[in-house]
Every structure is written in structure tokens, then in C-alpha cells.
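Below, read A as the first sequence line, B as the second, and so on, with proteins coming before strands; counting in each chain starts at 1.
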Amino acid sequence: MGLELFDSKEQKLREFVPLNAGVVEIYVCGPTVQSAPHLGHLRSALVYDLLRRWLKALDYEVIMVRNVTDIDDKVLVNAGTRNWLEFAREVEASFNDAYNNLWILEPTHSPHATEHIDDMIALTKKLIDRGHAYQAEVGSANVFFHSASWPSYGELTNQKLENMEGEPEASFGRRSPNDFALFKAHKPEEPATAAWQTPWGLARPGWHIECSAMAKHFLGEAFDIHGGGLDLRFPHHENELAQSRAAGDHFANFWLHNALVTVNGSKMSKSQGNGVSVEELLEKGSWGAIRYWLVSAQYRSNLDYSDKSLADASSALERITGFIKRTSQTKPVEIDLVKLPQAFKDAMNQDLNTPLALAVLHDTVRAGNAAFDSGDAPELQKSVEAVKAMVHVLGLTNAYVESDVSPEFRAQIEQLLSKRQQAKTAKDFNTADKIRAELEGLGVIIKDLPNETIWSIING
RNA sequence: GGUGGAGUGGCUGAGCGGCCCAAAGCAGCAGCCUGCAAAGCUGUAAAACCACGGGUUCAAAUCCCGUCUCCACCUCCA
């Protein structure tokens, strides 16, 4: 069975076949860099990272674009009196830090909206030429997409134009409530640097046109997968689709939408003030625990965050990393499909059913531990390799790889361990326990195995 | 009003017609192991009647109808 993905446009599972054999092109809506990331943003990025890792495991070349929306109403507002672009870059850096720490691979391209204004102008021109967009009035730099001019408008979210609520008519010169901005005329109170010269006057781009333009720039008129958070389905993705199709492009072949992270059952969002920040998360668990927790639900299921979420995830993750560490085979592995259990592959092929995949992983850990205890070396070896391969696919490899420890620190640890061993041999358990506590104070956890004692750094 | 999604053990979370007297994890309990721990293994719980009520079927957590509750989106949102 091959990979099946849930296409939210067709609202069904479809067998995934790339447009061009061997290559998969993905466009994912990245963040609007208006404020620091919260758990919800991390989930979204992680979902597509996982997809990408799995496609790679299936031997596809993956070209992934994740944009950065660095010009937007909120960016300007939140920058306050500061230079808005500088502010945007700072926020972007905080996103990138979080992505790196969560072991999310860097996309092939991470374009900034502000660097593709020309592409947006070109696309907008085309839409005007084709009769799907209009300048609000002569002399105005407000340009709108005329939704009613595109018969398929609403196809992504299965909605009819007449049922949509829309904007107040005539605001900024739009002709009907569902028309949306392609370019927004420069306002005198906004910084002069936040406006570009366009054929219609000084303006900055609307949100939706950015993604259509950048997707086209990097991936062409048709590409395989468009991803993003469920809250972007409408209007953002609906509008992207309408624009690009109206401009004559095929656009995305599959639409993927990840479900949201909730807190006490309601959506995590900036406006509700319930966004869980990176700092708060790290008080509860490591990056590994965060990643494990995010992987523990299928991407289309809601994931409710609570105080104990990361504690549970930590314990579960330690069961896996503990197994790898006790075998002392902590060298990371490369992608190796052959070593992956069939049940794991089946789970991942089922629309990235990561909870099921984790179940296979834990089953393998149990078998491996049993083999370890009974001294069944071949079985143990098989298990370790399978576990490491699965962990690699899930992007959790860094959770078991020994962190870099300075040679001095390592020597200190080993000296303490040997002292403790002497004390144990002499049955001086008081001293042995003191040393164990001392090591813990240094952030080192030890485990006595039958013939040796192994150690690891907490949160390493 | 419109469009989607969800309700499974103490908690998280799979399953979506028979292999389900329901995976896996966490938490709990017991035993083994240990100088003691930790880790691990094994077993297990004074009932998971799969939101509720009907129905279809030889067979339903899974399909159909109705009801209730919750969530998301309807031009700021991952």
C-alpha cells in the first residue's frame, strides 16, 4: 500500500502520486512574524516537517517552500515606533530558534513576502487583465479580487458566495462584500518604507496574494501539496486558490490542513491570550518531550494541551531513549526503509498515523528490552536498529544522541563513577549514594546495568 | 444562517463493518530484578455496555436516522 493523504479539498483520502515522478513539491504557509511563536505554530511546522521526512524516507526528493509574511497590518502595529522590518526579522529569528530546537528541518526555500513584491504585481496585473480584479477607483492604489467573477469561488471550503458574511460593502472601495485586497493603498500614518511603487500607486500587498505569487515563483504553475493550519482554510487558502486558478494556474494538487492545538478545549491563539510560549513549555519538559507530544496525535486531530501533557510525553519518550541508551548504540542512523517494521510503514502511509506508528515503536522497544534481558543478541540488534530507524523518521533522533560534553566534565563524571564503584564493592553504600546524589546535582543520571554503569545528561 | 470536525478506560490517544471481550503511552497496583534506587520485564485491575435513543446487518465503536454536547471557520489567526 502506498502513501494516502487526506485532501481537504476533496474531503477524502487520496493515494499520493507526485506530478513529476520522484519529486515532491510542497508549499506551506509559514508564520506572519508579528509576535513570538506559540505551541500552535510549532505544531503546524512540525506536521509538514514530518510529512517531509516521511516522503524522504519513501525516497522522494522533496522541495519545500515555507514563506515568511513579514509585511502585514499586525507587523506594523506591533512594531510600534520601531523599524518594522527590523522588528519582523527579530520575530522571525525567534521562530527559527524554536524550529531548530524542535529539530524541524530547514525548508528548501523560506522566502520573505517583502522580497517578492514584483511577483505579486505581475500576478495582480494578470488578474486585472483577465477581468478578475479591479482598481478600487481611478487614482486609488487599492486593488481587489472580484470573487463573483470566479465561478468556482468557494470550491475549497464548499461554500456558496451568498452564504458568506463578508466585509462591509464599499469599504476601501470594494465592489462587493466578498472581494478581497490584492494591494492596499499606502496610508499616511504608516511608515513610508512599508509601501512599494506599483502600477496603481504606492501600496503594500494583501496577505493572500503573497502566497500565490511565491508559490508560483518557486514551484511553478502546478505543485503537489499545499499545507497550513486549519484556520487558514478560509479565507486565506480559498483566496489563494481562486487567485491562482483565475490567473490560469493549476496550483496545488493536494490540500493538507493540520488541526489546531487547544487549551481547555478552545483554540490557542494570540487574541485569546492562551498561547503557550516556548518559555512556558520548557518549564514543563524538554524539546524532545515537546516534539514527542506533538507527534502523539494524528495531525488532523485536535490536540489539547494541559499541565501534564509534557510530563506524560517525557516519560513515554524516555522509555524509547532509555532502551537505546542501555544498548549503548547511541550513534544516529540514516534513513533506512528496510529496517522499518512493515506495521510502522503502513501507519505512516495511512495519512501519517503517528499514534499508530508510536504504538509500533513501543512494541519494538518492549521486544528489544526482552531480548536485552534474555541475552538474545540477534533479536536485540534487530530491535535497536528498527527503533532507531523509526525514531529517525519521527525526527526524535536528537533525543538520544549524547550531547556534547567537555572532556573535563566527562573525566569528572568517570572519576566519580569509579569512586562509587569502589564504595559499592566495599559495601560502603552511604558513600555510593552520596556520589550518586552528587552526580545528580551535576545533572547526570546514572543507571546500574549488570556489568557496568551508564550515565546520561538530564534533558540532553 | 452557512461549511467542516469531534464525543472511546483515571488521563492522553488509535481503531471507522467480522482478527475489538478495543492498540499504544501515562498514571495505579503486585511480582521479578537491585545493597537501596533508577531502568527494565511480567501480570493485573469492583465492567472502556465506544455521548444518548432508534434502525440496517448473520455481524456495528465502525453504516443509516434522530437527539444532545463540544470545537473550528465565514475576510487578523498555524
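Counting atom types as modelled, A:Arg436 pairs a side-chain N or O with a base atom of B:C36 as donor and acceptor under 3.5 Å. Donor-acceptor pairing under 3.5 Å, judged by distance alone, is absent between the side chain of A:Asn302 and the base of B:G5. Donor-acceptor pairing under 3.5 Å, judged by distance alone, is absent between the side chain of A:Lys267 and the base of B:C71.
Among B:G25, B:G13, B:C41, the nucleotide with an atom closest to any side-chain atom of A:Asp373 is B:C41. If you check B:G35, B:A27, B:G2 against the side chain of A:Ser315, the one that comes closest is B:A27. Which of B:G4, B:C36, B:A24 sits closest to the side chain of A:Ala359 comes down to B:A24.
Aromatic pair A:His132/A:Tyr153: centroids not less than 6.0 angstrom apart.
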Start with the C-alpha gap between A:Phe323 and A:Leu380, add the side-chain angles, then the distance that decides, and say whether side chain to side chain contact (heavy atoms under 4.5 Å, CB included) holds. CA-CA 10 Å; A:Phe323 165 66; A:Leu380 175 61; 3.9 Å; yes
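The CZ atom of A:Phe172 sits 13 Å away from the C1' atom of B:U75 (whole-angstrom rounding). In this structure, NZ of A:Lys427 is placed 11 Å from C1' of B:U34, rounded to the nearest angstrom.
A:Arg66 forms no cation-pi arrangement with A:Tyr48, by the criterion of a distance under 6.0 Å to the ring centre and an angle within 45° of the ring axis.
Residue contacts shown for A:Phe344 are absent, as no nucleic acid heavy atom lies under 4.0 Å away.
Partner of A:Phe145 under the ring-ring contact (aromatic ring centres under 6.0 Å, His included) criterion, out of A:Phe180, A:Tyr134, A:Trp150: A:Phe180 alone.
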